[in-house]
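Written below as structure tokens is the structure these notes are about.
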Amino acid sequence: MDLNDDITVIKGIGPKTAAPFRRAGVFCVYDLLTYYPSSYKSYPEVSTAITADQGASVALAAPVKNIYERFVNGKTLTTATLSVMGLNVNLVWFNQRYLKKSLKPGIRYVFYGKVSYKGKNPELVQPQIFTINDYQKIVGSKLPFYPKVFGLTDKMIEKAVINVLETIKVPEYLPEAVTEKYSLTDIDTAFRNIHFPSGDEALSDARKRLAFDEFFTYIMSQRLTAEEETKTQNTLEPFDISVSEKIQNSLSYELTNGQRKALDDVLDDFNGKYITQRLIQGDVGSGKTIVAFIAMAVMADNGYTSAIMAPTEVLARQHYEKFVSLCETVGLDIPCVLLTGHVKGKARTKALHDIASDVPSFVIGTHALFQEKVEFKNLALVITDEQHRFGVKQRNALAGKGEEVFSIVMSATPIPRTLALILYQGLNISTITEKPSIRKPIKNAVIDPSLRKNAYALFVREIRAGHQGVIICPLVEPSENAEGENVEEYYEKMRQMMPPDITVGKLYGPMPSDEKEQVMSDFASGKTDLLISTTVIEVGVDVPNATVIMIEDAQKFGLAQLHQLRGRVGRGDAQAYCMFVDTSGSKTPSKRLEVLKRSNDGFYLANADLKMRGPGDTFGVRQSGDVSFKLADIYNDADLLREASESVEMLLDSDPSLDSIPDLKAHLKEQSDRQYSNL
């Protein structure tokens, strides 16, 4: 078995079983090893007495006294009773009819679950059931739980990972000088301990190594790509940029200082000595798209075609509709062409024909744009939106469709400049911090659960006024592994609570991709008034009509992610509202939530995040979606990022070609090939 082998080489994974793995982005053995757990559970020692408080997890060992089964509201309800030190403990399961036959009265089992109280008697709802021997095998160990994807279970992933780790040893590729200097565990041990850690220290060491590797590989690839590319002389005719002023004068608002500065930087690039790459870093809702539109219009006015690539079908279609509308508004006769995976048949044939024509145009699409059959004529500008969703090789593949092509990458992740300079070496950087004047500052509130009814009334008021709303939940469905509000139950609750004329939708990651795209499209087009969603809505949906968002269990998220979620509203000219529901029960408000309440400035929040994060934040679900890292976090791991950058400099200074480190060269090539082929 090799790391690059297709996942079907793994015992137990055939063509049918492979489908949900592929939906999760797991195509080869290496992808499986880097499909990291989102959380871990430690099972406590068995107890023969119950002293736990409400909500605490316990493992009770006792014989079952009796078992009953009945139907309640169309659901099967199975109940049983334990006697623990003379105290009756009630057990409750929903829709598990097999338990009536499999549980034997008088037999001693271990029941693991969270304690709740109804009157004097404690109760465990949906507890897990183990034999005494089976439970002893897992006490004290950390068991992994993985991100949910439709059709993929924890057991399936766990079984596949065990099979791989029993079959191969992952070869080390970092030089000893690096692993020793930065106290990094070897890569094989890191993979074993990230999936099945023996304790907190093993997990910490594994995470440190793998996060370091993500930073190291990204920075090294950026550096090598920059050094391989010789500076290309700009031989294009001097650009007439007068259409820029014409467009700005036709808009109903003035560009902010940041937008004008970013646009000036881009136009200076066009008339500069070399073909350049530029990063436009702008806070959520800062108006990067209009800068991109004007830059593309300047290209078209000078006889060149431009392409803008978005990470999702919905975002690409939104860009297309916005560009068509802007052309009408400012009086430009520039063809707009949309090309995505869902553009089929005659429409696709026409799109390909239009892209290949001599007519300067705006081409908008997804990664379908850099497929072999797509041929451009006079392509001179490529813009990548949400750039962290694409690798360097994918961006270059699109730029390679032309001869002299300027590149602009846009990011809504507010990264402090010192870290941005490390991550984006070789790129010129423009930063937009202000929001367009037409957008009113979002009004923020931190509330406790008792104020939810007031929040629901605000949703009804805003929707009745013609706007839309979003409610964010941390979980997809009820879970025995994590606490918090979940989309499935919240969706049903809102359908019952909201007036009948208000349409409610739901969105979460494990949905089939076509269904997910349809839900996002319905919300973007206004067919859905209120969307109940997980954080999957964080990027990829731009709905100017959305004015109110409520984030449940807000204390569970990091600042960066909360700010990105808040950015789903307030993108139009109406007043917007954001409510952070703190369900911790703490009398002291969360520092993070208080900072969010005070400020809508993502760059201020990014720096605050760096100061407030502590060691306890390094485990569990990642808190932000920066660049393309699965595990590393540029805020929490800022020191690790600097160390990775330092190690890259050290190795390239001693051997610019890396010829003396063949294992590292091979690893970098494999990483690049995987990233490209997985699209």
Side-chain angles (χ1 to χ4, degrees), residues 37-73 75-146 148 153-155 158 473-490 553 556 583-585 619-621:
S38 56
S39 63
Y40 302 85
K41 179 191 284 184
S42 295
Y43 287 93
E45 292 288 343
V46 172
S47 175
T48 54
I50 185 159
T51 57
D53 295 329
Q54 174 90 10
S57 296
V58 296
L60 297 176
V64 179
K65 287 177 64 176
N66 45 55
I67 305 166
Y68 300 102
E69 189 179 275
R70 56 196 173 95
F71 291 94
V72 178
N73 296 327
K75 294 182 178 179
T76 304
L77 187 69
T78 305
T79 59
T81 307
L82 307 178
S83 180
V84 181
M85 299 293 287
L87 180 67
N88 282 339
V89 178
N90 298 319
L91 309 176
V92 180
W93 295 273
F94 296 99
N95 292 328
Q96 296 190 29
R97 298 190 64 180
Y98 67 92
L99 290 176
K100 182 72 166 59
K101 293 181 179 179
S102 61
L103 281 179
K104 307 297 183 185
I107 300 296
R108 192 179 182 85
Y109 299 95
V110 176
F111 298 93
Y112 173 84
K114 289 184 173 65
V115 178
S116 58
Y117 286 90
K118 285 193 175 180
K120 294 181 180 179
N121 290 337
E123 181 177 85
L124 303 184
V125 179
Q126 298 288 107
Q128 290 177 265
I129 308 166
F130 301 88
T131 66
I132 298 291
N133 288 339
D134 285 346
Y135 191 81
Q136 289 302 328
K137 293 176 184 177
I138 63 172
V139 169
S141 62
K142 285 183 173 290
L143 298 184
F145 293 96
Y146 295 88
K148 285 199 169 187
T153 66
D154 287 311
K155 285 295 181 187
E158 187 178 324
C473 299
L475 303 177
V476 173
E477 57 192 13
S479 171
E480 59 194 20
N481 307 320
E483 294 181 3
E485 295 292 338
N486 68 85
V487 169
E488 289 288 5
E489 291 183 340
Y490 219 110
D553 302 295
K556 296 178 182 290
T583 57
S584 66
F619 303 119
V621 181

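Because the structure is a prediction, the values reported are computed rather than measured.
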Check whether any side-chain heavy atom of Leu99 lies under 4.5 Å from a side-chain heavy atom of Glu69, and answer yes or no.
-> no
Would you check if the side chain of Gln126 reaches a backbone N or O of Phe94 as a donor-acceptor pair within less than 3.5 Å?
-> yes
Apply ring pair (Phe, Tyr, Trp, His ring centres under 6.0 Å) to Tyr490 and list each qualifying residue two or more places apart in sequence or on a separate chain.
-> none
Contact check, side chains of Leu124 and Val115, non-hydrogen atoms, under 4.5 Å = yes
Using modelled atom types only, decide if a donor and an acceptor are shared between the side chain of Asp553 and the backbone of Glu485 within a distance under 3.5 Å.
-> yes
Indicate the atoms forming the closest heavy-atom contact of Tyr112 with Pro44, along with that distance.
-> CE1-CD, 3.4 Å
Is Val64 close to Phe111 at the side-chain level, that is, under 4.5 Å between some pair of heavy atoms?
-> yes
Closest heavy-atom pair, Gly484 versus Leu475, reported as atoms and distance to 0.1 Å, is O-CD1, 3.5 Å
All heavy atoms of Val92 vs all of Glu123, minimum pair found to be CG2-OE2, 3.6 Å
Distance in Å, Tyr98 OH paired with Leu103 CG, rounded so as to fall on 0.5 Å steps = 8.0 Å
Parallel under 30°, tilted from 30 to 60°, perpendicular over 60°: which one fits the rings of Tyr43 and Phe130?
-> perpendicular
Nearest 0.5 Å, what's the NZ-CG distance between Lys41 and Asp154?
-> 9.5 Å
Nearest-0.5 Å distance that lies between atom CG in Leu143 and atom OH in Tyr40 = 11.0 Å
Indicate the atoms forming the closest heavy-atom contact of Glu158 with Tyr146, along with that distance.
-> N-CE1, 4.4 Å
CD1 of Ile129 to CG of Asp134: how many Å apart, nearest 0.5 Å?
-> 12.5 Å
For the atom pair OG (Ser83) and CG (Asn66), what is the distance rounded to the nearest 0.5 Å?
-> 10.5 Å
Taking all heavy atoms of Pro127 and all of Trp93, pick out the closest pair and write down the distance.
-> O-NE1, 2.9 Å
Residue from Thr81, Val84, Val58 passing side chain to side chain contact (heavy atoms under 4.5 Å, CB included) with Val89 | Val84
Validation row: Ile67, Pro105 side chains within 4.5 angstrom (heavy atoms) | yes
